[in-house]
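Read the structure below first, then the notes.
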There are 2 protein chains.
Amino acid sequence: MTEEEFLATYDPRAYPPVAVTVDVVAFTIRDGRLHLLLVRRAAPPHAGHWALPGGFVHPDEDLPTGAGRELAEETGVQAGALGRVHLEQLGTYGAPGRDPRMRVVSVAYLAFAPDLPDPAAGSDADEAAWVAVDSLGLPDAATLTGRPVQQRPGTTRKLAFDHTRIVADGLDRARSKLEYTPLATRFVGPEFTIAELRAVYETVWGDTLHAGNFHRKVLSVPGFLDSVGATTDRGGARGGPRARLYRAGDARLLHPALLRPSREEAVR
Amino acid sequence: MTEEEFLATYDPRAYPPVAVTVDVVAFTIRDGRLHLLLVRRAAPPHAGHWALPGGFVHPDEDLPTGAGRELAEETGVQAGALGRVHLEQLGTYGAPGRDPRMRVVSVAYLAFAPDLPDPAAGSDADEAAWVAVDSLGLPDAATLTGRPVQQRPGTTRKLAFDHTRIVADGLDRARSKLEYTPLATRFVGPEFTIAELRAVYETVWGDTLHAGNFHRKVLSVPGFLDSVGATTDRGGARGGPRARLYRAGDARLLHPALLRPSREEAVR
DNA sequence: AAAATAGTGTCTCTAAGACATTATCAT
DNA sequence: ATGATAATGTCTTAGAGACACTATTTT
C-alpha cells in the first residue's frame with residue numbers, strides 16, 4: 001500500500017478525479033412552519049427535481065466560506081451580511097455513485113437563519129425557493145413516536161441525489177441542538193418574547209410544549225436569556241398582556257438542557 | 001455563477017485538482033490511559049512527525065469503508081474483523097494550505113476499540129504505534145476546569161498538518177458521546193464489570209467518579225447493561241468481592257444521560 | 001363581557017450527589 | 001486481622017412536569 005500512497009502523494013492526478021462540493025441545508029421558520037432552501041435543477045441529472053443549494057468548492061476557499069457563498073448566492077443576502085446566520089458543518093457524503101457523472105464528495109453545512117427574504121429572482125438561472133419541510137415526507141417527530149402523521153399541505157417533493165438523507169440528517173441535528181445549545185435564538189430576531197422562542201421549539205420539534213413550564217425553564221438556564229427591560233407594544237393578537245422582551249445571552253451551552261418530551265421510544 | 005457551475009458540471013477537471021483523503025482518529029485504552037493510533041511520516045512534508053493514519057480514498061470505495069481499510073492496514077486487524085470497532089464520521093477538514101502540496105480535503109473518522117494489538121511490524125513502511133493521548137499536550141478536562149494539569153510521562157509530540165486539531169475535536173466528541181450513548185462499552189471486552197466500565201469513563205473524562213453512585217446510575221439506565229449472571233473468577237487484585245459481569249444492552253441512547261461532573265465552567 | 005395569553009405558584013416524582021454501611025475477597 | 005472493593009441504603013437537593021391561578025390585554 002505504501003508505494004501506491006507514495007505515488008499518489010506526488011501525483012494525485014493519477015487517481016480518477018474526485019470533485020468536492022459544498023451543499024447547504026438552510027433552515028428558517030416562516031408562518032410557523034420550518035422551511036428549507038431548495039433550488040430546482042435545470043440540467044440533468046435529476047433535471048426538474050429540487051436539490052440543496054451547493055456547488056464546487058472554489059480554489060483557495062475555505063469550506064465554511066464556500067457554504068456561506070452558496071447560501072448568499074441563493075438568498076441574495078450579501079455573504080458579509082450573514083452575521084445572524086449560524087453555520088456549522090453537518091457531514092460529508094461521498095458514496096460512490098451518488099452522482100452519476102463522477103465521484104463527488106459533498107461536504108454538507110447546516111445553516112439556521114431568521115426569516116430571510118425570498119430568493120432573489122434572477123440571481124440564478126435555477127429556480128430557488130423556501131419549501132416547507134413537512135411537505136417533503138420526511139419522518140418527523142410524530143412518526144418516530146408513533147403518533148399519527150399529519151401531512152401538511154404542499155407537494156411532496158423527491159429531492160435529487162441523496163439530498164433527502166442529508167436533509168433528514170440536518171433535521172435530526174437541528175432538533176438535537178435545540179436541546180443543549182441556544183440555537184433557537186437564531187431563528188428569531190435580536191429581541192424576542194419567550195412565546196416566540198417557544199414557537200421555535202414547537203415548530204422544529206413538531207410538538208407542543210407547556211407554556212408555563214417552558215417559561216420558567218428557559219429563564220432558569222444561566223446565560224440563555226438576557227432581559228431587555230421592555231415589553232412588546234401590544235398584547236397578543238387575540239388578547240393577553242404585553243410580553244417582556246429578551247435577547248440571547250452569552251451561554252454557548254444550555255445547562256441544564258431542555259430535553260425533548262418523551263424520547264424513551266427513540267432510544268432503542 | 002451558473003455558467004461556471006454548468007461548465008464544471010461537465011468538466012470538473014477544469015478546476016484545480018482536489019484530493020480527498022480519509023484520516024482516522026482511533027482511540028483505545030491501554031494500562032488505564034487513553035491511546036491514539038499514530039504513524040510516523042517517512043516522507044516530507046512533516047517527515048519524522050507523527051500523523052493520523054490515513055490516505056487517499058480509493059475509487060469505488062465508500063468513505064467509511066476507506067476509514068476501516070486505513071485502520072486495518074495500520075493495526076493489522078482484518079478489515080472484516082473490525083466488528084467490535086465503532087466507526088463514525090468526525091468531520092471534514094479542507095482549509096486551503098493545510099497540505100503544502102495541493103488542495104487536500106480530509107474526511108476524518110473516529111474509531112473506538114478495545115485494546116488492539118500493537119501495529120503489525122512491517123505492515124507499512126512508516127512506523128506506527130499507539131501513543132498515550134496525555135503525552136500530546138492537548139487541553140484536557142483538568143485544563144478546562146482550571147485544575148492543575150499533570151502532564152503524564154512520554155514525549156510531547158507535535159502532529160503533522162492540522163492533525164492536532166482533528167485529534168482535539170475527536171477527543172471532545174468522544175467525551176461527549178460517553179454521556180449519552182453506550183460508547184464506553186466499546187472500550188471493554190464483550191463481558192465486563194461495572195468497575196471496568198467506570199475506569200473507561202474516568203480515563204476518557206480525566207476525572208474520578210464516585211464508585212457507588214456510578215454503579216447505581218448505570219444500572220438504572222434502561223437497556224444500557226444486561227446482566228450475564230456470572231461473576232469474575234477472582235476478586236480484585238487488592239481484595240474485594242467478585243464483581244458481576246455485564247454485557248452491553250440494546251440501548252443506542254442513554255436516558256437519562258450520564259452527565260460529566262461540573263460542566264458549568266465550560267458553558268460560556 | 002369573553003377569551004386568550006403572560007407569568008407565577010404549588011405539588012409530585014425522578015434523579016443526582018454526598019455519604020454511610022454491609023458483605024466479600026486478597027494479602 | 002487488615003485493607004480494599006462490590007453493592008446497596010439513606011438523605012438532601014435540584015429539576016421536570018402537571019396543574020392551578022392571577023393579571024393583563026384584545027376583540
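Residue numbers start from 1 in every chain, and the chains themselves are labelled A, B, ... in the order their sequence lines are given, proteins ahead of strands.
Going from atom OH of B:Tyr246 over to atom C1' of D:dA7 covers 9 Å, rounded to whole Å. At whole-Å resolution of the value, NZ in B:Lys217 and C1' in D:dA7 are 17 Å apart. B:Leu259 has its CG atom 13 Å from the C1' atom of D:dA14, to the nearest Å. Regarding B:Arg244, its CZ atom lies at a distance of 12 Å from the P atom of C:dT24, rounded to whole Å. In this structure, B:His255 places its NE2 atom 10 Å from C1' of C:dT14, rounding to the nearest Å. Following rounding to the nearest Å, B:Leu254 (CG) and C:dA16 (P) show an atom-to-atom distance of 11 Å. Here C:dG17 presents its C1' atom at 13 Å from CG of B:Leu258, a figure rounded to the nearest Å. In this structure, A:Asp207 places its CG atom 11 Å from P of D:dG17, rounding to the nearest Å.
Side-chain N/O atoms of B:His215 include none lying less than 4.0 angstrom from OP1 or OP2 on D:dA6.
Partners of B:Arg234 under the salt bridge (charged side-chain N to carboxylate O under 4.0 Å, His left out) rule, at least two apart in sequence or in another chain, do not exist in this structure.
Ring geometry, B:His86 versus B:Phe112: the interplanar angle falls from 30° to 60°, so the pair is classed tilted.
Formation of a donor-acceptor pair under 3.5 Å by the B:Arg173 side chain with backbone atoms of B:Gln89 is found in this model.
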> Along nucleotides 18-27 of chain D, 5' to 3', which nucleotides get a B, which get an S, and which get a -, given that the test is a protein heavy-atom distance under 4.0 Å?
Replying inline: BB----BBSS
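Residues of residues 193-203 of chain B that place a heavy atom closer than 4.0 Å to DNA chain C do not occur.
Of all heavy-atom pairs between B:Leu38 and B:Leu136, the closest is CD1-CD2, 4.4 Å.
Within the 4.5 Å cutoff, the side chain of B:Pro114 has no heavy atoms near those of the B:Phe187 side chain. Counting heavy atoms from C-beta outward, B:Val107 and B:Asp23 have side chains that stay 4.5 Å or more apart. Within the 4.5 Å cutoff, no side-chain heavy atoms of B:Leu245 are placed close to those of B:Thr231. A 4.5 Å side-chain heavy-atom check between B:Leu116 and B:Leu37 finds every atom pair outside the cut-off.
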> Given the rule in the salt bridge (charged side-chain N to carboxylate O under 4.0 Å, His left out) test, do A:Asp115 and A:Arg30 qualify, once you have shown the distances and angles that lead to the verdict?
Replying inline: CA-CA 6 Å; A:Asp115 200 348; A:Arg30 300 190 137 195; 2.9 Å; yes
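With C:dA16, D:dA16, C:dA6 as the choices, the nucleotide that has an atom nearest any side-chain atom of B:Pro256 turns out to be C:dA16.
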